[in-house]
Amino acid sequence: MDQETLGSIVLLAIVTLISVVQNAFFASKVEHESKHCNSKGFQRPGSSAFDRVYTANQNCGHAYPTFLAVLWCAGLLCSQAPAAFAGLMYLFVRQKYFVGYLGERTQSTPGHLFGKRIILFLFLMSMAGILNYYLIFFFGSDFEMHIKTITGAISPLLLIP
């Protein structure tokens with residue numbers, strides 16, 4: 001793989017690998033809580049602590065494929081740096097959701113809502129990249145620089161709760 005191609009995906013790969021480590025952390029929490037509750041395997045022992053950890057892990061796992069799809073689509077079709085930044089923000093929010101779910105379930109709500117906003121941002125970036133492709137294909141108009149400027153300017157706004 002040449003350096004230019006590698007340079008266009010390296011940030012996305014880093015975010016993806018961080019997300020893999022985070023998933024391993026979540027799984028280890030489930031395993032630890034399962035052993036702590038003196039159960040055999042991953043059967044639900046009825047412990048509320050185990051149920052919370054298990055459910056939080058399942059909820060994070062259900063959104064994971066969507067996150068990966070929009071992260072890579074936004075990064076490849078639109079702009080890598082804002083997509084990677086949004087991806088890191090999503091991982092931070094997912095961590096906040098997971099930890100919040102272990103306490104009161106209402107503590108996880110802000111993380112859930114913030115995560116949905118980040119997914120929407122990545123989806124819109126992907127759609128802008130697809131739209132730009134078809135504008136080039138049919139009309140010869142390239143708005144790539146404008147789209148990169150807009151997404152780069154909007155991505156810090158994701159920090160606002």
Side-chain angles (χ1 to χ4, degrees), residues 6 8-37 39 41-134 147-148 150-161:
L6 188 59
S8 67
I9 64 168
V10 69
L11 295 176
L12 301 174
I14 290 169
V15 172
T16 301
L17 292 175
I18 292 171
S19 73
V20 169
V21 171
Q22 187 181 48
N23 282 342
F25 171 74
F26 293 163
S28 71
K29 285 291 195 186
V30 172
E31 181 181 6
H32 177 268
E33 196 60 42
S34 175
K35 289 179 181 177
H36 181 70
C37 293
S39 68
F42 289 103
Q43 298 172 355
R44 294 180 147 226
S47 163
S48 65
F50 176 79
D51 285 343
R52 285 195 307 267
V53 171
Y54 182 79
T55 304
N57 184 48
Q58 290 294 89
N59 291 346
C60 289
H62 289 197
Y64 188 64
T66 304
F67 163 68
L68 285 180
V70 294
L71 172 71
W72 279 88
C73 286
L76 294 175
L77 298 172
C78 192
S79 183
Q80 177 186 205
F85 175 75
L88 285 175
M89 290 302 303
Y90 181 79
L91 295 179
F92 174 75
V93 166
R94 194 167 75 151
Q95 184 74 28
K96 182 177 173 65
Y97 170 82
F98 188 84
V99 171
Y101 206 92
L102 300 183
E104 294 289 324
R105 289 187 183 192
T106 57
Q107 293 175 351
S108 65
T109 303
H112 175 70
L113 297 175
F114 200 44
K116 285 176 32 178
R117 189 169 70 179
I118 293 170
I119 294 290
L120 176 64
F121 174 73
L122 290 170
F123 176 77
L124 292 175
M125 279 183 67
S126 302
M127 295 304 294
I130 291 170
L131 176 66
N132 188 53
Y133 171 79
Y134 281 110
I147 292 171
K148 285 185 177 185
I150 291 169
T151 57
I154 291 175
S155 63
L157 296 177
L158 293 173
L159 294 172
I160 298 172

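Atom set for the values below is all heavy atoms of this structure, side chains included, hydrogens, waters and symmetry mates excluded.
Here the SG atom belonging to Cys73 is positioned 10.5 Å from the CG atom belonging to Leu68, to the nearest 0.5 angstrom. In this structure, the separation between CD1 on Ile118 and CG on Leu113 is 11.5 Å, given to the nearest 0.5 Å. Between atom OG of residue Ser155 and atom CZ of residue Phe85 there is a gap of 5.5 Å, rounded to the nearest 0.5 Å. Note: Leu12 CG to Leu76 CG = 6.0 Å, rounded to the nearest 0.5 Å. Taken to the nearest 0.5 Å, the CG atom of Leu124 stands 11.5 Å off from the CG atom of Leu131. Between atom CE of residue Met125 and atom CG of residue Leu71 there is a gap of 9.0 Å, rounded to the nearest 0.5 Å.
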(message) I'd like to know whether Lys29 forms a side-chain contact (heavy atoms from CB on, under 4.5 Å) with Glu33, so could you lay out the CA-CA distance, the side-chain angles of the two residues, the decisive distance to 0.1 Å, and finally the verdict.
(response) CA-CA 6 Å; Lys29 285 291 195 186; Glu33 196 60 42; over 6 Å; no

(request) List the steps and the verdict of side-chain contact (heavy atoms from CB on, under 4.5 Å) for Phe98 and Gln22. (result) CA-CA 11 Å; Phe98 188 84; Gln22 187 181 48; over 6 Å; no

(request) Given side-chain contact (heavy atoms from CB on, under 4.5 Å), test Tyr64 with Val20 step by step and report yes or no. (result) CA-CA 10 Å; Tyr64 188 64; Val20 169; 3.9 Å; yes

(message) Would Phe121 and Val70 count as a side-chain contact (heavy atoms from CB on, under 4.5 Å) here? Give the steps.
(response) CA-CA 9 Å; Phe121 174 73; Val70 294; over 6 Å; no

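Proximity of Arg94 to Asn23: side-chain heavy atoms (C-beta onward) are separated by under 4.5 Å at one or more points. Annotation: side chain of Ile130 is in contact with side chain of Tyr134 (closest heavy-atom distance under 4.5 Å). You'll find the side chain of Phe114 stays beyond 4.5 Å of the side chain of Lys96, heavy atoms only. Contact annotation: the side chain of Leu91 approaches that of Phe67 to within less than 4.5 Å [non-hydrogen atoms, C-beta and beyond].
Within 6.0 Å of the CZ atom in Phe123, the count of heavy atoms belonging to other residues, nucleotides or ligands does not exceed 12.
Smallest separation of non-hydrogen atoms from Ser126 and Ala74: OG-N, 3.1 Å. The shortest heavy-atom contact between Cys78 and Thr151 is SG-CG2, 3.9 Å. Contact detail for Leu122 and Ala86: the closest heavy-atom pair is CD2-CB, 3.7 Å.
Taking the six-membered ring where the residue is Trp, Tyr97 and Tyr101 present tilted rings, their angle falling between 30° and 60°.
The stretch residues 66-90 participates, sequence neighbours left out, in these side-chain hydrogen bond (donor to acceptor under 3.5 Å, both in side chains) pairs: Thr16-Trp72.
Remark: side-chain polar atoms of Ser34 are not paired, donor with acceptor, to backbone N or O of Val30 under 3.5 angstrom. Side chain of Thr55 to backbone of Arg52: no donor-acceptor contact under 3.5 angstrom is found.
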